[in-house]
Amino acid sequence: MLGGKTFASDNNSGVHPRVMEALTRANAGHCVAYGDDPITASAQRAFRDTFGPNAHVFFVYNGTGANVSALSAMRRSFHGIICADCAHANVDECGAPECVSGSKLLPVPSVDGRITPEGIAPKLHHLGFQHSSQPRVVTLTQATEFGTVYSLDDIRAIADFAHDHGLLVHMDGARLANAAAALGCSLADISVRAGVDALSFGGTKNGLMFGEAVVLFDSSLVGDFPYVRKQCMQLHSKMRFIAAQFEAYLTDGLWLDNARSANAMARLLADSVRDVPGLELTCPVETNAVFARIPREAVEPLQKRSFFYVWDEETVEVRWMTSFDTTPEDVSAFAADIRDVLGECL
């Protein structure tokens, strides 16, 4: 039997009913494999409607696969990939970007998960120096690992700086929907119109069952990508089941409704516990993540009531994530647990 809702991860939530219905429809009969089917073609049209006519979409299995295949298409093995020190590619992908692409990650310090042109600049000192990995790509996580967002001006500034120095820009958009909802902008505004060259577009954290998408805006990357995807082991034979989910996701604003709801529940949770003695909110709550420090002795008893992850063991910073299906009642119950447990520890 499945357990109740928790605040551990938006990966823990189920599948939105409209997405499940799309999967059921896609399950009727046979289709040609590897994307040569009408459902995939229809989903590709939905991406062009969303991101513009020059958006080239390739469906893949998961977020790490999307990042690794996109980055692999943007560099050669002697190139470097500039990223935030806390980026998923740097911390949570088991070295896959470096292992598969052969390129070195070049992490730079971040503040609340964000990096700046000024932070990137020192990594460019060895451009043209044959003994050093040559920076070629800047990868940004939107929303960041701390649930914060880059503004449109932030992205444009980084993209302009990167392009002026001959670099490409990749965006890890595992939670792009949450960022767009927070900024009140379109998915195109936050990516291609802001200067992004390649996007890893996620849906699993916002109501899909599985599957992600690589969206290429730089046409020079498109021709070789089918081979990169295959070599990265991301070519799904029954691709229609990924495509059907994304078509539902991009239809009638489902992505936005889900993201707005998740973001609102995170704000509600933060507002419900910010005055709890012994609890300190540590990051701005901009999307669907709440970061807080709590007493060490409160972690285990609170996890027994509703599991969550400790983000930083040294400082006892914890992360609470809301999902598209989190309700005000779920938040109220968890906030009450937090008050009870922390009250017992003080």
Side-chain angles (χ1 to χ4, degrees), residues 55-110 113 115 119-120 122-142 144-145 155 158-159 161-163 165-176 191-192 195-202 204 210-236 242:
H56 302 270
V57 60
F58 299 87
F59 298 112
V60 297
Y61 283 109
N62 54 37
T64 296
N67 285 340
V68 169
S69 57
L71 291 171
S72 294
M74 301 174 79
R75 40 36 73 217
R76 295 175 66 182
S77 59
F78 56 82
H79 284 141
I81 300 167
I82 298 171
C83 63
D85 50 7
C86 62
H88 200 270
N90 188 47
V91 177
D92 289 306
E93 294 182 346
C94 199
E98 292 181 324
C99 177
V100 177
S101 75
S103 292
K104 184 176 178 61
L105 292 179
L106 305 172
V108 300
S110 62
I115 60 176
I120 294 169
K123 296 297 183 183
L124 306 184
H125 292 330
H126 295 294
L127 279 172
F129 184 59
Q130 65 181 325
H131 299 284
S132 298
S133 296
Q134 295 296 289
R136 177 57 176 161
V137 181
V138 177
T139 180
L140 306 174
T141 308
Q142 179 77 317
T144 74
E145 299 301 323
I155 302 168
I158 292 172
F161 179 82
H163 294 153
H165 290 84
L167 278 63
L168 296 171
V169 178
H170 167 260
M171 180 170 281
D172 178 351
R175 296 185 176 94
L176 191 72
S191 56
V192 58
V196 172
D197 300 297
L199 168 68
S200 299
F201 182 52
T204 307
F210 67 95
E212 310 282 299
V214 174
V215 190
L216 302 178
F217 306 115
D218 183 332
S219 60
S220 69
L221 305 174
V222 174
D224 288 342
F225 193 81
Y227 312 106
V228 174
R229 177 174 60 177
K230 179 67 175 181
Q231 196 171 65
C232 289
M233 297 172 284
Q234 290 295 312
L235 179 60
H236 188 31
I242 300 177

Where [X] and [Y] come nearest, the two heavy atoms and their spacing:
X: Ala213; Y: Val57; answer: CB-CG2, 3.8 Å
X: Ile242; Y: Phe210; answer: CG1-CE1, 3.5 Å
X: Val169; Y: Gly195; answer: CB-O, 4.2 Å
X: Thr141; Y: Ala87; answer: OG1-CB, 4.1 Å
X: Glu212; Y: Gly202; answer: OE1-CA, 2.7 Å
X: Val68; Y: Ser72; answer: O-OG, 2.7 Å

What's the spacing between [X] [atom1] and [Y] [atom2] if we round to 0.5 Å?
X: Leu221; Y: His56; atom1: CG; atom2: NE2; result: 10.0 Å
X: Met171; Y: Asp197; atom1: CE; atom2: CG; result: 10.5 Å
X: Leu235; Y: Phe59; atom1: CG; atom2: CZ; result: 12.5 Å
X: Leu106; Y: His79; atom1: CG; atom2: NE2; result: 11.5 Å
X: Lys123; Y: Ile120; atom1: NZ; atom2: CD1; result: 11.0 Å
X: Leu167; Y: Leu127; atom1: CG; atom2: CG; result: 6.5 Å

- Looking just at side-chain N and O atoms, do Asp85 and Ser110 make a donor-acceptor pair shorter than 3.5 Å? yes
- Item | Donor-acceptor side-chain pairing of Asn62 and Thr64 below 3.5 angstrom |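 Absent: no donor and acceptor within the cut-off.
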- Which of these passes side chain to side chain contact (heavy atoms under 4.5 Å, CB included) with Gln142: Asp172, Ile155, Val196?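 In the set Asp172, Ile155, Val196, the residue that makes a side chain to side chain contact (heavy atoms under 4.5 Å, CB included) with Gln142 is Ile155.
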Hey, does [Y] have a side-chain heavy atom less than 4.5 Å from the side chain of [X]?
X: Val214; Y: Arg229; answer: no
X: Leu124; Y: Ile82; answer: yes
X: Glu145; Y: Val91; answer: no
X: Asn90; Y: Cys86; answer: no

Pairs under 3.5 angstrom only: tabulate donor-acceptor contacts from the side chains of residues 93-101 to other protein residues two or more places apart or in another chain.
from: Glu93; atom 1: OE2; to: Asn67; atom 2: ND2; distance (Å): 2.9
from: Glu93; atom 1: OE2; to: His88; atom 2: ND1; distance (Å): 2.8
from: Glu98; atom 1: OE2; to: Leu105; atom 2: N; distance (Å): 2.8
from: Ser101; atom 1: OG; to: Pro97; atom 2: O; distance (Å): 2.3
from: Ser101; atom 1: OG; to: Ser103; atom 2: N; distance (Å): 3.1

- Query: Once the angle between the rings of Phe225 and Phe58 is folded into 0 to 90°, is it parallel (under 30°), tilted (30 to 60°) or perpendicular (over 60°)?
  - Reply: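 Correct class here is tilted.
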- Is there a side-chain contact (heavy atoms from CB on, under 4.5 Å) between Val215 and Ser191 once you walk through the steps? CA-CA 10 Å; Val215 190; Ser191 56; over 6 Å; no
Tabulate below the donor-acceptor pairs under 3.5 Å that side-chain atoms of residues 132-140 make, not counting sequence neighbours, or state none.
from: Gln134; atom 1: OE1; to: Gly128; atom 2: N; distance (Å): 2.6
from: Gln134; atom 1: NE2; to: His126; atom 2: O; distance (Å): 3.0
from: Gln134; atom 1: NE2; to: Phe129; atom 2: O; distance (Å): 3.0
from: Gln134; atom 1: NE2; to: Ser132; atom 2: O; distance (Å): 3.0
from: Arg136; atom 1: NH1; to: Gly166; atom 2: O; distance (Å): 2.7
from: Thr139; atom 1: OG1; to: His170; atom 2: ND1; distance (Å): 2.7

- Message: Looking at Phe78, I want to see if its CZ is surrounded by more than 12 non-hydrogen atoms of other residues, nucleotides or ligands under 6.0 Å.
- Response: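 Check passes, neighbour count above 12.
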